[in-house]
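Structure first, commentary second.
Values in this document were obtained by computation on a predicted structure and should not be read as measured data.
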Amino acid sequence: MKKLFVLITLLGFAVNFATTAQDDPQQRGGKEKIKAARLGLITNRLNLTEEQAKAFWPIFNDYDTKRGEIRKNVRQITAESRSLTTSDDKIAANLKEILNLRQKEVDLEKEYQSKFLKVLNVRQVSELYKTEQLFNQMLMKRLRGGEGDPREQGDRGGKREHFKNR
């Protein structure tokens, strides 16, 4: 019961600040508050021992920073390709670069999964990936103005049924 309360509190905290950050993009600290809520959720869901936490967080923070840099590069290249003045050759080169960056992300994931498994058990690593996905879904849903838990809506909020009928 206590864990459920902590989880709900952390999620409410994250969602509240995510919404505030959306309303005022210039708000200082919004990203840091979301990150803190995300890390709190990960800590809660993984049930890390003190020893595990000391070993895990430096590895995770390094992984998260490197993954963030790769994703930032993908976003920049994608934005560049959207420009009406971008040549077809440049767009083709950008598509190739995006594939290279995605491969780098997969390689990074493989590298860090083995590092995570040195300090966490396999169930905790699996829970880490699930927790990150859950947090991102909840944050995106809240930013779009939705309410509730995204797991309640099944696959893509029922969109699958829409496409089955076509």
Query raised in the report: Closest approach of Pro58 and Ala53, non-hydrogen atoms and distance?
Result: CD-O, 4.2 Å

Query raised in the report: Within the side chain of Asp64, is there an N or O that forms a donor-acceptor pair under 3.5 Å with the backbone of Phe60?
Result: no

Query raised in the report: Is there a donor-acceptor pair under 3.5 Å between the side chain of Thr65 and the backbone N or O of Asn61?
Result: yes

**Report entry** Chi angles and distances behind the side-chain contact (heavy atoms from CB on, under 4.5 Å) call for Arg45, Leu41
**Finding:** CA-CA 6 Å; Arg45 299 276 304 244; Leu41 180 62; 3.8 Å; yes

Query - Partner of Arg67 under salt bridge (charged side-chain N to carboxylate O under 4.0 Å, His left out), chosen from Glu109, Glu132, Glu111 - result: Glu132

Query raised in the report: Would Tyr112 and Lys66 count as having a side-chain donor-acceptor pair, cut-off 3.5 Å?
Result: yes

Query - ILVMFWY cluster, Ile59 and Ile70 together (side-chain gap under 4.5 Å) - result: yes

**Report entry** hydrophobic_cluster_shared for Tyr129 and Trp57, side chain cutoff 4.5 Å
**Finding:** yes

Report summary line: Distance col, row Glu97:CD vs Gln76:CD, nearest 0.5 angstrom, shows 11.5 Å

Report summary line: Those residues at least two apart in sequence (or on a different chain) that pass side-chain contact (heavy atoms from CB on, under 4.5 Å) with Val106 are Gln103, Lys110

Query raised in the report: So, are Arg123 and Glu127 salt-bridged, with charged N and O less than 4.0 Å apart?
Result: no

**Report entry** ILVMFWY cluster, Leu101 and Leu95 together (side-chain gap under 4.5 Å)
**Finding:** no

Report summary line: For Ile34 and Leu139 the tightest heavy-atom approach is CG2-CD2, 3.8 Å

Query raised in the report: Can you tell me how far CG of Asp107 sits from CD of Glu105, rounded to the nearest 0.5 angstrom?
Result: 10.5 Å

Query raised in the report: Taking Thr86 for the side chain and Glu80 for the main chain, is one N or O donor matched with an acceptor at less than 3.5 Å?
Result: yes

Report task. Give the cluster check for Ile91 versus Ile77: same hydrophobic cluster or not, with ILVMFWY residues linked at side-chain heavy-atom distances below 4.5 Å. Result -> no

Query raised in the report: Does Gln124 reach the main-chain N or O of Leu46 with its side chain, forming a donor-acceptor pair under 3.5 Å?
Result: yes

Query - Minimal non-hydrogen separation, Ser81 against Asn94, with atom names - result: OG-ND2, 2.8 Å

Report task. Report yes if the side chains of Leu134 and Lys130 come closer than 4.5 Å at any heavy-atom pair, otherwise no. Result -> no

Query raised in the report: To the nearest 0.5 Å, how far apart are CG in Leu108 and CZ in Arg102?
Result: 15.5 Å

Report task. Please check if Leu117 and Leu48 belong to a single hydrophobic cluster, counting links between Ile, Leu, Val, Met, Phe, Trp and Tyr side chain heavy atoms closer than 4.5 Å. Result -> yes

Query raised in the report: Would you call the rings of Phe116 and Phe56 parallel, tilted or perpendicular if under 30° counts as parallel and over 60° as perpendicular?
Result: tilted

